[in-house]
Amino acid sequence: MEAVLKTKNINKYFKKPVPFHVLKDINFQVNKGEFASIMGKSGCGKSTLLYILSTMDTDYEGELYLNNQLITGQDKNHLSYIRNKHIGFVFQFHYLLSEFTVLENVMLPAKKLAEKSLKEIEFDAMQKLKMLRIEHLAKKRASRVSGGEKQRVAIARALINNPSIIMGDEPTGNLDSGNAENVFNIFKELSIQQGLSLLIVTHDQDFANKTDRIIEMGDGRIIS
Ligand SMILES: Nc1ncnc2c1ncn2[C@@H]1O[C@H](COP(=O)(O)OP(=O)(O)OP(=O)(O)O)[C@@H](O)[C@H]1O
Ligand SMILES: [Mg+2]
């Protein structure tokens with residue numbers, strides 16, 4: 001199996017307000033095309049782990065690999081490049097720029113990457129919107145679309161640079177069951193049709209049951 005993401009003995013400590021061993025010997029991998037979910041009680045360390053895996057937190061022990069490349073210890077600029085190019089994020093709250101149109105929001109990470117012309121980026125962004133069946137919203141301001149639509153815009157934005165993996169921290173946590181199912185189906189389609197890997201933190205047992213694998217965390221460890 002080809003690993004897209006892999007950790008070796010990741011440990012993390014918070015020093016304040018009191019010393020706290022928050023992540024303990026985290027060893028696991030996500031394979032190409034695999035749709036994995038992470039579950040576990042509130043406070044067990046899921047978001048802390050995702051923060052490290054997404055290269056935003058560099059204060060940990062152990063090693064992180066993306067596409068067999070060692071990420072740990074790379075400098076800030078390179079990390080930011082890797083993040084933008086290879087990782088897509090979807091959070092519980094969408095963090096769209098409300099004054100910008102849907103299309104502009106989706107284009108943003110590609111503009112930042114600056115590997116394509118504006119025309120190409122706009123074309124790609126429209127393709128993603130079509131894939132998510134929201135192309136009719138392209139010119140609307142992000143503040144003017146519904147919660148479920150916003151989340152699909154956020155997914156389109158996460159996909160714009162054709163990442164190897166999508167990471168999500170409760171991406172359906174703020175959605176009703178119909179919209180949550182929509183998001184699940186979109187993720188599933190992406191993993192099957194495009195070989196995209198997904199690693200999604202969720203509290204929704206129904207959502208998790210439908211994924212390829214549930215990674216269960218407890219007290220800072222992976223327990224199954
Ligand atoms: N910056 C921080 N400094 C100190 N402790 C922190 C910090 N961030 C989180 N923690 C603690 O680390 C533990 C893990 O937090 P984390 O946010 O990763 O949990 P979680 O599994 O995502 O929970 P939830 O399901 O509620 O989102 C918790 O006990 C939390 O209080
Ligand atoms: Mg969390």
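Order of listing sets the numbers, starting from 1, for every ligand and every atom in it. Residue numbers start at 1 and run along the sequence shown. All figures in this text were calculated on a predicted structure; none of them were measured in a lab.
In this pair, His78 and Tyr81 present their aromatic rings parallel. The plane angle is below 30°, not in the 30 to 60° band. Classified by interplanar angle (parallel below 30°, tilted 30° to 60°, perpendicular above 60°), the ring pair Phe207/Phe187 is perpendicular.
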Given the rule in the ring pair (Phe, Tyr, Trp, His ring centres under 6.0 Å) test, do Phe35 and Phe184 qualify, once you have shown the distances and angles that lead to the verdict? CA-CA 10 Å; Phe35 185 176; Phe184 175 85; 5.3 Å; yes

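Metal site remark for the Mg ion (ligand 2): Ser47 contributes an N, O or S atom at a distance under 2.8 Å.
Pairs passing the salt bridge (charged side-chain N to carboxylate O under 4.0 Å, His left out) check and including a residue from residues 175-191, sequence neighbours excluded, read Lys188-Asp212.
Side chain of Lys46 to backbone of Lys41: a donor-acceptor contact under 3.5 angstrom is found.
Listed by chain and number, Phe14, Lys16, Phe20, Val22, Lys41, Ser42, Gly43, Cys44, Gly45, Lys46, Ser47, Thr48, Glu170, His203 each place a non-hydrogen atom less than 4.0 angstrom from ligand 1.
Side chains of Asn185 and Lys210: a donor-acceptor N/O pair is absent below 3.5 angstrom, by distance only.
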